[in-house]
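Positions are given from 1, in the same order as the sequence printed here.
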Amino acid sequence: MLKTLPLLLSLLLSTSLLAQWQWYAEETDSYTGKKGLVDQLDGTVYIPLEYDAIAIWPEDSLVTVTQGGKKGIFTIQGQRILPTEYEAIDLSGKMGGQLGLYGIQKGHRWGMANRAGKQVLPFEYEGVMALTPDLLIGRTSGNQYHFFDGKGNHLFTEQCSEVRAGFDDYTVEIIREDKSRYFVDKVGRPVFPDRVVDGRWTDHNSLILCATLKPPHGTPVPGAAGLLTWEGDTILPCVYDLITPQAGKRFLVKKGGESGLTDGKGKFLIPLEKGSLEALGKQPGDMFRRGISSLVQNIYDANGKLLADSCYVYRDRPAEAFLGKLPQQRPDRYYSIRRGNDQSVAFFRADGRQITPFEYKEFTYCSDLHPVLALKDGLRTAFDLNGKKLLSGSFSYLGFTKDPKVLIGKRANEDGYGFIHLDRPDAAKFEYETIAPCKAFYFAVIKGGKYYLHDPSGKPLSLEGFASIGTTGREDHEAFRQQHKGKLVARGRRNFDTDNWVAFDEKGKAWDMAPLPDEAPEFVEQEVVPAPMAVMEEMAKPVPVPPAPPSDDKVHDWVRGMPQFPGSGGPAMIRFISENKQYPASAKEKGIEGTVVVTFIVEKDGSLTDVKLEKSISQDLDEEALRLVKSMPKWVPGRTIENVVVRVRYRLPVEFSLK
């Protein structure tokens, strides 16, 4: 039976987990079971592996730790903020690292501390929260809400059923016991004038959004919304179901299943029509879309100009391997728009400026410094974010590097890969059999069957070729730091006839290293232990003669020493797939997901041959799974129990999940 990776591998490869793959990750000490935080780039231990549990809060760059039932807080870089002595710590909602404030519990009462570790509210409350850095709240019995400034000085008290953040950073929404509501400012003063019964929003200067008015200022219409000047003049009458303020003093207006957009003077920029209208961003000037159905939309700019009709708009995520790891990544500022009549796609800025024409199938964004990659008829090209085409000719593959001016590419109808410098693209040489990523954006390239290390810009670091070069694990970094300075960026082997490995530093220098403990040879003699009599009698029976060593050409489905991905085996392969897998946009749009199964032969030199599909999902997912496997570096070949290197067929599931 062919060997299949455990279910754990499939789970680790799910899109939901890959989206969280950042520099830092929780690791567990294999001996003690204790947990800590480790930099996946260079193996640095930021939080020691001595806690019962840790929880990473990436939005706040914080980590909560638990030890003996008590909790504490570290920054994600390992700086201790609060000692491990609290019953509970609250980082929920707007509380947390973004505001630099934390709810802390002792003796079943809540207090609050700031990012410097100083306690700003005492342990006196049933609950605490922070609306802004300078507006803290403690709740006592009887629904008494006490408001404080950022230093813990008392401002005012309200008795109500609930308190919420207001419509801006200067207001607080108070929900009364009867479910009615009103707004106060940060010192407890009412926000709206007396004539407004149900104020919803104001710019504090000239405009007021309200639901009803007190006579004689207007006729109350329960539940209806209108727009007034601060002096009381009507801009939009109180006859609409809902009015929502937008950036740039624009307002979304809804009434009876229709929606439209007005400016601050009540002029309709987008008329009231059937379908739900919504903004695509939060910046002034961002586009709007009207949903006719789930897959048919009309797109407008902020002034009401129709940019595309009967289309579908979606956001392109940054390339998976670079997500959250490079500066100026703003995927929320770009959209792909696919027209319904011919299914062609164009790339737009969020403010409606069109970057490419409607003639492509999908786009891949990395950062505002990188080009955007476009796919058409199975071939790729690159544009800068002003719409200038950067490459001549067509490419069957294009990928990013850390350097915005360098791409990885493979020309159509050619076999070799190369590094393309965008300031001189015609000088690129496509001379490599494979280019595979290592840690810190370095690359292992294959030329003439040998591996060479290149830096993040594609520059070769050594003229010496190796039998393999791959990604690293924490144990590799720990072993390297014990003997050398600097950072480990890759590991490899000079040849497969030794258990020694080679460590590569940032300058590409190769250091010979002894085998790690878990890399000791499998085939060692076991200590002889006297067996019980019943077992001795069983052992006395004739024993079959072991088979002769296999022939050189036989392909095995299973051997004692199965082939392994170079580096740390399974974990290294998971990293490779997570950093290289690209979910085809066409499959995303159609909601196609599932597991593609690929089989291949690991040859005696570690190369992969006879790569083919065993289980198909769809053409685009099948092609991506095959591309992934074909781009893999050479593996550590399989060995029989007699320690003979042989050819082995391997079965690899590649999961594509939209969850």
Side-chain angles (χ1 to χ4, degrees), residues 8-9 11-30 32-105 112-117 129-130 317-327 329 331 439-441 471-475 477-478 487 568 570-572 574-575 577-579 581 657 659:
L8 175 61
L9 175 58
L11 294 174
L12 286 173
L13 294 181
S14 68
T15 303
S16 59
L17 288 179
L18 296 184
Q20 301 174 25
W21 191 272
Q22 302 291 331
W23 293 118
Y24 308 99
E26 173 187 327
E27 288 212 16
T28 304
D29 189 298
S30 57
T32 65
K34 298 293 185 178
K35 303 179 185 301
L37 189 73
V38 178
D39 188 334
Q40 295 296 294
L41 175 64
D42 62 9
T44 301
V45 178
Y46 284 102
I47 297 178
L49 280 67
E50 57 186 42
Y51 294 95
D52 301 329
I54 70 170
I56 303 173
W57 301 75
E59 297 86 357
D60 302 328
S61 298
L62 296 173
V63 181
T64 55
V65 299
T66 304
Q67 189 175 47
K70 300 294 185 180
K71 298 181 181 296
I73 302 181
F74 285 84
T75 67
I76 207 163
Q77 293 83 17
Q79 177 187 357
R80 184 187 292 273
I81 296 177
L82 293 175
T84 314
E85 60 182 40
Y86 300 99
E87 297 164 6
I89 294 176
D90 182 13
L91 299 180
S92 61
K94 294 189 70 174
M95 184 84 71
Q98 296 178 39
L99 297 182
L101 295 160
Y102 322 106
I104 51 178
Q105 186 184 55
M112 191 177 295
N114 61 24
R115 199 175 183 99
M129 63 184 299
R317 292 184 59 196
E320 195 74 60
F322 300 90
L323 183 60
K325 300 176 183 178
L326 295 177
Q329 285 187 320
K439 287 290 185 65
F441 304 112
T471 55
T472 57
R474 179 171 59 87
E475 296 82 1
H477 292 279
E478 291 177 352
K487 289 187 176 182
S568 54
I574 292 171
R575 286 194 294 270
I577 294 178
S578 73
E579 293 170 357
K581 186 173 69 173
S657 173
K659 295 179 181 179

Distance-minimising heavy-atom pair for Leu101 and Ala130:
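So the minimum-distance heavy-atom pair works out to CD1-CB, 3.8 Å.
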Could you report the tightest heavy-atom contact between Lys325 and Gln329, atom names first, then the distance?
N-OE1, 3.7 Å
How many angstroms lie between [atom1] in [X] and [atom2] in [Y], if you round to the nearest 0.5 Å?
X      : Y      : atom1 : atom2 : answer
Gln79  : Ile47  : CD    : CD1   : 11.0 Å
Leu37  : Glu26  : CG    : CD    : 8.5 Å
Glu475 : Glu27  : CD    : CD    : 7.0 Å
Leu99  : Tyr102 : CG    : OH    : 9.5 Å
Leu82  : Ile73  : CG    : CD1   : 4.5 Å

Are Phe441 and Phe322 near enough that their ring centres are under 6.0 Å apart?
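Ring centres of Phe322 and Phe441 closer than 6.0 Å.
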Side chain to side chain donor-acceptor pair (under 3.5 Å) partners of [X], counting only residues at least two apart:
X     : result
Tyr51 : Arg80
Glu87 : none
Asp52 : Lys34

Under a 4.5 Å cut-off applied to non-hydrogen side-chain atoms, are [X] and [Y] in contact?
X     : Y     : value
Leu91 : Leu62 : yes
Ile54 : Thr66 : no
Val63 : Thr75 : no

So Ile81 and Phe74, side chain to side chain contact (heavy atoms under 4.5 Å, CB included) or not? Walk me through it.
CA-CA 5 Å; Ile81 296 177; Phe74 285 84; over 6 Å; no
Taking atom types as modelled and ignoring hydrogens, do the side chains of [X] and [Y] form a donor-acceptor contact shorter than 3.5 angstrom?
X      : Y     : result
Thr84  : Lys70 : no
His477 : Thr44 : no
Lys71  : Thr64 : no

Under 3.5 Å, side chain of Gln77 to main-chain N/O of Tyr46, donor-acceptor pair present?
no
